[in-house]
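What follows is one structure encoded as structure tokens, with my remarks underneath.
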Amino acid sequence: MEQVYISDIGKYVGEEVTIKGWLYNIRSSGKLRFLEIRDGSGIIQGVVSKKDVSEELWTRFETLTQESSIIVQGRTREHPKRPGVFELDIINLQIVAVAEPYPITPKEHGIEFLMSNRHLWLRSRRTHAILRVRAQVIRAVRDFFDSNGFLLLDTPILTPAACEGTTTLFEVDYFGDAKAYLAQSGQLYNEATAAAFGRVYTFGPTFRAEKSKTRRHLTEFWMVEPEIAYMDLDGLMELSENFICYILRRVLENCRAELEILERDSTSLEKIEPPFPRISYDEAARMLDDAHKSGALENPFEYGSDLGSPDETYISSQFDRPVMVHRYPAKVKAFYMEPDPQDSTKALCVDMLAPEGCGEIIGGGQRATSYDLLLQRIEEHNLPREAFDWYLDLRRYGTFPHSGFGMGIERCVGWICGLEHVREAIPFPRMLYHLKP
RNA sequence: UCCUGAGUAGCUCAAUGGCAGAGCAUCCGGCUGUUAACCGGAGGGUUGUAGGUUCGAGUCCUACCUCAGGAGCCA
């Protein structure tokens, strides 16, 4: 009998099949046993009736514990009470291994315990749903760029210097006489590949050694970063909203069951379509000012500073879809931003804030084209000039207007799944003080 | 790094300064349609660590450790 996956079980109704997996839970009712069996692709309920099996087989079930690995044979049929749901009448059981008492019991657990047992927590329904959405988001990301003329060009993870000079980086000893740093962004390299290939993107892990301790932060997260030659800020904002809508559509098409398990109200996602609201930093500052005066925001907003987390939450709460805030003061943004020709104190940049307090999911902008300006900015930011020689070369040899953005996969998944914390959006989250498992 | 809160059975949580308990998990028994199944029984504790106050501390005080939530910074 050939192995069948639970996700395909509908194709085998009335047939005898073999399922190889683990015992998710077992309920016994005297002469009846109900086994919830999972095989990674799904969960199915197996039923054994004492009168239908041999005494020896019946007693074999008594040793089973939660998460024991088993191979079962049975005949599939529809659930007597639930149309569209399938069950398995078990006719044989092979015990591969009896599991020791499983730590994650069918009751609630605290986050500390679950995090320290992340390697086991991965087996739960909820984690399955989230990580399936993550995989779908990643597929959508690749499909979107691959089918729109972008070329995937991976950028290095070991880098010689800080990309933006702002965040703290993980330092790595590089053969004793040099220091390397784990990349916090592939962006600068993207600019080189964009000059070579036009429309490019990079997708990979990113590292930030900031001691951030919030529901929106990981020290290792996955980021997708497109870079487009000859695109301006307006073009970038249009690309961003189309990109997000494409991802949403793909998840809504393919992950209905997962969103249901997560009890995510998908109606708020369904109504999201372009155009997304665009507000300037100045408009945002006015909104925050008014909010403070009316008591909706506790702390006053200081004009000229970056938006704080409560500020972002307030602004995003005023809209029913992601909102794009553009043209921040240049001094709170990275050194490579192109100045706004209308007001040189502002940068041609944009942050996309997700609804429901999920924070910034996209950050990007138009890149500076002038060699002299970049050199000046590098000095102002006290960055080591030697490390940026090659980057400055891009302005010497055919400088060109271009724009790009970065999107954090976990924040995007967290928003779509309605998660309280991004740590659930990645199989093994790396956080401040969390390196294990 | 700062602010706030929490550490009691494997897990989730109770316990006026006065006998350390329940549910789940484990083990034993019962139950022919269960759905975090249910019913009966059993075992399971250096109350985060170190001091202190007190006749008496899980409970009050001090320090430290760990974790959680928030801030800053960011995607």
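The sequence lines fix the lettering, A, B, ..., with proteins before strands; numbering per chain opens at 1. Because the structure is predicted, anything quoted here is derived from the model rather than measured. The basis for the numbers below is simple: all heavy atoms, side chains too, and nothing from hydrogens, waters or symmetry mates.
For A:Arg208 (side chain) and A:Gln184 (main-chain N/O), a donor-acceptor pair under 3.5 Å exists by modelled atom type. Side-chain atoms of A:Ser29 do not come within 3.5 Å of backbone N or O of A:Leu32 as any donor-acceptor pair. Counting only distance, with no hydrogens or angles, the side chain of A:Ser185 and the backbone of A:Gln187 share a donor-acceptor pair below 3.5 Å. Formation of a donor-acceptor pair under 3.5 Å by the A:His292 side chain with backbone atoms of A:Glu298 is found in this model. Checked by atom type and distance alone, the side chain of A:Ser41 pairs as donor or acceptor with a backbone atom of A:Ser7 at under 3.5 Å. A donor-acceptor contact shorter than 3.5 Å links the side chain of A:Arg33 to the backbone of A:Trp58.
With centroids closer than 5.5 Å and planes inclined by less than 30 degrees as the test, A:Phe34 and the base of B:G33 fail to qualify as a stacked pair.
Rounded to an integer number of Å, the gap from CD1 of A:Ile44 to P of B:G33 is 20 Å. Rounding to whole angstrom units, CD of residue A:Gln184 and P of B:C73 are separated by 15 Å. Atoms CG (A:Asp306) and P (B:G72) sit 10 Å apart, rounded to a whole Å. Distance CE (A:Met431) to P (B:G70): 12 Å, rounded to an integer number of Å. When rounded to the nearest whole Å, the span between CD of A:Glu62 and C1' of B:G30 equals 13 Å. Rounded to an integer number of Å, the gap from A:Leu23 CG to B:A37 P is 11 Å. Distance, A:Arg215 CZ to B:U4 C1': 15 Å, rounded to whole Å. Rounded to whole angstrom, the span from the CD1 atom of A:Ile104 across to the P atom of B:U12 amounts to 11 Å.
Nucleotides B:G18 and B:U54 place their C1' atoms 12 Å apart, quoted to the nearest Å. Rounded to a whole angstrom, the distance from the C1' atom of B:U12 to that of B:U49 is 24 Å. Between B:C39 and B:G21, the two P atoms lie 22 Å apart (nearest whole Å). Nucleotides B:G52 and B:A71 are separated by 40 Å at their P atoms, to the nearest Å. Rounded to whole Å, the P atom of B:A20 lies 15 Å from the corresponding atom of B:G44. A gap of 8 Å separates the P atoms of B:C60 and B:G17, to the nearest Å. With both ends at atom C1', the span from B:U8 to B:A15 equals 10 Å, rounded to whole Å. Nucleotides B:U53 and B:G40 place their C1' atoms 46 Å apart, quoted to the nearest Å.
Here A:Thr206 lies out of heavy-atom contact (under 4.0 Å) with every strand. As judged by a 4.0 angstrom heavy-atom cut-off over every strand, A:Pro310 is placed among residues touching the sugar-phosphate backbone only. Here A:Lys51 lies in heavy-atom contact (under 4.0 Å) with a base. A:Gly359 comes within 4.0 angstrom of nothing in the nucleic acid, heavy atoms only. Here A:Glu225 lies out of heavy-atom contact (under 4.0 Å) with every strand. Residue contacts shown for A:Met223 are limited to sugar-phosphate atoms, with no base heavy atom under 4.0 Å away. Counting any heavy atom pair closer than 4.0 Å across all strands shown, A:Gln45 reaches a base atom.
Side chain of A:Lys211, nearest nucleotide from B:U1, B:G33, B:U12: B:U1. Looking at the side chain of A:Thr214, the nearest of the listed nucleotides B:C11, B:A37, B:G72 is B:G72. In this structure, the nucleotide among B:A37, B:C11, B:A71 sitting nearest to the side chain of A:His109 is B:C11. Listed nucleotides B:C24, B:A71, B:C73 differ in distance to A:His217; the shortest reach to its side chain belongs to B:C73. The side chain of A:Phe113 approaches B:U12 more closely than any other nucleotide in the set B:G33, B:U12, B:U66. Nearest to the side-chain atoms of A:His79 among the listed nucleotides B:G69, B:C67, B:U35 stands B:U35. Considering only the side chain of A:Arg411, B:C74 comes nearest among B:G33, B:A37, B:C74.
At a cut-off of 3.5 angstrom, the base of B:U66 holds no donor-acceptor pair with the side chain of A:Glu112. For B:G33, the base has a donor-acceptor partner in the side chain of A:Arg77 [N/O atoms by modelled type, under 3.5 angstrom]. For B:C73, the base has a donor-acceptor partner in the side chain of A:Ser212 [N/O atoms by modelled type, under 3.5 angstrom].
Listed pair A:Lys81 / B:U34 meets the phosphate criterion, a side-chain N or O lying under 4.0 Å from OP1 or OP2. Taking side-chain N and O atoms only, A:Asn25 has a distance below 4.0 Å to OP1 or OP2 of B:A37. Regarding contacts with the backbone of B:G72, every side-chain N or O of A:Arg216 stays at 4.0 angstrom or more from both OP1 and OP2. For A:Arg27 and B:A37, the shortest distance from a side-chain N or O to OP1 or OP2 is below 4.0 Å. Contact between the side-chain N/O atoms of A:His434 and the OP1/OP2 oxygens of B:A68 is found at a separation under 4.0 Å. When the side-chain nitrogen and oxygen atoms of A:Ser29 are compared with OP1 and OP2 of B:C31, none of them lie within a distance under 4.0 Å.
Ranked by how close their nearest RNA chain B nucleotide is to the 5' end, A:Arg82 and A:Pro101 are led by A:Pro101.
Note on ring orientation: taking the six-membered ring where Trp is involved, the planes of A:Tyr246 and A:Phe144 are tilted (angle from 30° to 60°).
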For Watson-Crick and G-U wobble pairs within 3.5 Å on both distances, what is RNA chain B written in dot-bracket notation, | included for inter-strand pairing? (((((((..((((....[..)))).(((((.......))))).....(((((..]....))))))))))))....
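Proximity of the aromatic rings of A:Phe243 and A:Phe145 is defined here by a centroid distance below 6.0 angstrom, and this criterion is met.
Under the 4.0 Å criterion applied to side-chain N and carboxylate O atoms, A:Arg126 and A:Glu424 are assigned as salt-bridge partners. A salt bridge between A:Arg215 and A:Glu420 is present, with a side-chain N of the basic residue lying under 4.0 Å from a carboxylate O of the acidic one.
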Under the criterion side-chain contact (heavy atoms from CB on, under 4.5 Å), I'd like the reasoning laid out for A:Ile37 against A:Ile90: C-alpha separation, chi angles, the key distance, then a yes or no. CA-CA 11 Å; A:Ile37 303 156; A:Ile90 296 175; 4.2 Å; yes
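Scanning for ring-ring contact (aromatic ring centres under 6.0 Å, His included) contacts around A:Phe170 gives an empty result, with sequence neighbours left out.
Inspection of the A:Tyr5 and A:Asp39 side chains reveals no N or O donor paired with an N or O acceptor under 3.5 Å. Looking only at atom types and distance, the side chain of A:Asn254 has a donor-acceptor partner in the side chain of A:Gln136 under 3.5 Å away.
Using a 4.0 Å cutoff on non-hydrogen atoms, no part of residues 283-295 of chain A comes near RNA chain B.
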